[in-house]
Asks: 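Quick one: this structure, given as structure tokens, is what I'll be asking you about.
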Amino acid sequence: MQLDTLKLGCERDERWLFSDLDWQIRSGELWRIEGPNGSGKTTLLRILSGQMADYTGTLLWQGEPLARCREAFMASMLYIGHRPGIKKALTALENLDWYQAMSAFEKRRGVRRDACFQALAEVGLAGFEETPVENLSAGQQRRVALARLALGHQRLWILDEPFTAIDRAGVRQLEGWMMAHCRAGGSVVVTSHHDSGELLPSSGVLKNLRFDGQGGVHVDC
Amino acid sequence: MAFDSLADFWAMNGYAAYVWPAFIVVLGALVTFALVSVIEQRRLLRHVAALERREARRPARSTTATDEEMS
Amino acid sequence: MWPIIHKLGSPKWFYTMSGRWLPFLWGIGALLITVGSLWGLAFAPPDYQQGDSFRIIYVHVPAAIVAQSCFAMMALCSLIFLVWRIKLADMAAGAAAPLGAAMTFGALFSGAIWGVPTWGTWWVWDARLTSMLLLLFIYLGIMALRGAFASRDGGARAAAILTLVGVINLPIIKYSVVWWNTLHQGATFSITEKPAMPMSMWLPLLIMVLGFYLLFAAVTVARTRNEIIRRQPSARWVRALAKGGRHGL
Amino acid sequence: MVRGACTLTAERADTDRVLDALPGLWQGFSATLIRDCRLRFRRRSELANPLIFFALVVTLFPLGLAPDSTLLSGIAPGLLWVAALLAVLLSLDGLFRDDFDDGTLEQLLLAPQPAGVLVLAKIVAHWLTTGLPLALASPLLGIMLSLPGHSMGILMSTLLLGSATLSLVGAIGAALTVGLRRGGVLLSLLILPLYTPVLIFGAGTVRLAVEGAPLAPWLALMGAMLALSLLAAPWAAAAALKLSLDG
């Protein structure tokens, strides 16, 4: 698996957030993106996840320009942004079931549904499957979104501030999944502007991409 | 000349109340747009010159201004 | 193909090139409109049916033609902007919109005034007037949408999409309004479709239409140039321009 | 079935799971359609709003004009159509706004399926829950406005065809204004001029039906407008949604 950026730059209303970014994301790598507020972290993630076409330079997925293999890329990429992407009027199961239908190769509904039950159990929501999400606590709601990670269809995870609104135990659990995902050959790109998470820095797989807030980006390997 | 005198011309054979307002509104809109765009250009360039002078007074600040051309 | 598009899309190149042409556009446009107005108002013979009220045609028709051409030009610019992301095209579309709306209003206003001596009423639901009214609403919608976005790029792209949707819709609106009109009332007396006009009447009209086109082009170019300065006041060539004091026309 | 456009070299295929098939187009379309319908039925009070609005507007006219059946039957085609159009317009603002607020919209556009197809699923769900009920309820209100009985069928079929076009065209406007805080009023300014052809042909066809004139060409024209908007609107709306999420 590889995602490359060649001379990537982004200009918003005549201001350059970053420019000339050459960067490679490979299997087994866990990237943390740091930088002050407004330095362009979220914008970079939105460009990497193919949501924004307003950039200069090239994005290559498996060596091919992203525009030429959008479907294959979208099928192997999972993005969770600031907004959770969860419908509050639906139950946890219905929410997850929709994501399953959008991304799973499995045609049989029953099999897809079983996988949803399993994923919800893994994030500690066993017994809450049929509860409408609006009746769950904020942390539990966040976990419904994170249950998508446990479905395990995508190789590349792009997570924007995933540690917000989850408790300490949840943070450790999430870090554990991220590392396990990398060990299994996947890759993770994650932003966090404060030093949340303790496990990751000591794990050895972590790499950093740092924004200086002046339009420059530094890659530490 | 389709009219006998200037007074006839102004009167438009009784249609003055229709012909002149139509001309004034349409041509007036065109002329207003033209004048405003010229005045606006003067004002903008004066503004840029003032900006330049202000920045020249504090040269220490690193300028983020780029000469990038948009395309 | 690519280098040409990018050269044409460069604001600096556009600014210097248009600076050379602009004085001629202003001058010839103003001259044509002056000549056309005088000719149309004073020298063209009065209409045998409508008398001197027909002279409104010399502002009504040019305004209507420019209003519609302006929309076509905006649609072309929007397409160029969306496909090649050339911001200059968007600046031109944004610069043309208010003038297009003003010309649409002018055509409606002069048409309504003309209606009083010819139909005896300010407004009839004539197919042409109605479709012009809808065109005015579409212009206003595009301008309002552009202004409603906090980000300039977002507003630009939204306006471009709406312009393209509008240009697909305009022929349908026009056709439906004509059909609706014939369904309601018999063939109405039409303002512009007249039995062949004599040369002495349509020649000044032709001059007026040309003059309107030239002035429209001049205003649009001037407004685009202003937008360039407004968007990149810190570019080095803009600074040099302001310091040199060569404001040009 | 959509096939991956990426050609993987044999070397890469060893390390990566080969995407021999992508999640299906139909699977994504139907899942989104079912999800949206389910959401609307869960908020049942909101589901009834356009219908109640439609009935209320129609009720206002006899009160405002006169309870004169010849007058009412004369204006009934236009009145029913204007009321239906306004009811659709009223419901449009919610088409994408909830999804925008909770982030499911950005996930929808991130799905491997083409965005236009998924947007079409949302539009179909919108039509099923607004346009279709309005069309089904229209004969009832037609009777109240003493519309001749033989034109009820035409009233329903023009509303069925026309309200689908209204949903499709309206989706573009809803998509353009979804990121704006006060998008509602702007939405009507953008969309109402574009709605005029549908209104003219819809109401005009019903009026011709009352007079007993031949209708086939006019119904065909309404079908053509539906086909054109079916082809263009989902893609325009998808493009508009992308920029609303960027802005």
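By convention in this document, chain letters (A, B, ...) are assigned in the order of the sequence lines, proteins followed by strands, and residues within each chain are numbered from 1.
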Asks: Could you tell me which portion of I200(D) (side chain, backbone, both or neither) has an atom closer than 4.5 angstrom to a non-hydrogen atom of chain C?
Replies: both

Asks: Mind ranking L221(D), L190(D), L189(D), L176(D) by heavy-atom pairs under 4.5 Å with chain C and telling me who comes out on top?
Replies: L176(D)

Asks: Closest approach of I173(C) and P197(D), non-hydrogen atoms and distance?
Replies: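 That would be CG1-CG, 3.6 Å.
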
Asks: For atom CZ of F61(D), decide whether the heavy atoms of other residues, nucleotides or ligands shown that lie under 6.0 angstrom number more than 12.
Replies: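 Not buried by this count: 12 neighbours or fewer within 6.0 Å.
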
Asks: Please classify the contact between I172(C) and chain D as side chain, backbone, both or neither, with a heavy-atom cut-off of under 4.5 Å.
Replies: both

Asks: Could you check whether any side-chain heavy atom of T177(D) comes within less than 4.5 Å of a side-chain heavy atom of L145(C), counting everything from C-beta outward?
Replies: yes

Asks: Does any heavy atom of chain C fall under 4.5 Å from the side chain of W218(D), the backbone, both, or neither of them?
Replies: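 It is the side chain, since no backbone atom gets that close.
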
Asks: Please state whether the side chain, the backbone, both or neither of L180(D) comes within less than 4.5 Å of a heavy atom of chain C.
Replies: side chain

Asks: Are side-chain heavy atoms of V177(C) and T196(D) found at a separation under 4.5 Å?
Replies: no

Asks: Heavy-atom distance under 4.5 Å to chain D: side chain of L135(C), backbone, both or neither?
Replies: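 Neither part.
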
Asks: To the nearest 0.5 Å, what is the distance between CZ (F137(C)) and CG (L194(D))?
Replies: 12.5 Å

Asks: Determine the minimum heavy-atom distance between P193(D) and I138(C), stating which atoms define it.
Replies: CB-CG1, 3.7 Å

Asks: Can you confirm whether or not the ring centre of F201(D) sits under 6.0 Å from the ring centre of W179(C)?
Replies: yes

Asks: Which heavy atom of A144(C) sits nearest to which heavy atom of L186(D), and what is that distance?
Replies: CB-CD1, 3.5 Å

Asks: Are side-chain heavy atoms of L228(D) and I168(C) found at a separation under 4.5 Å?
Replies: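 Contact flag for L228(D)/I168(C) side chains = yes.
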
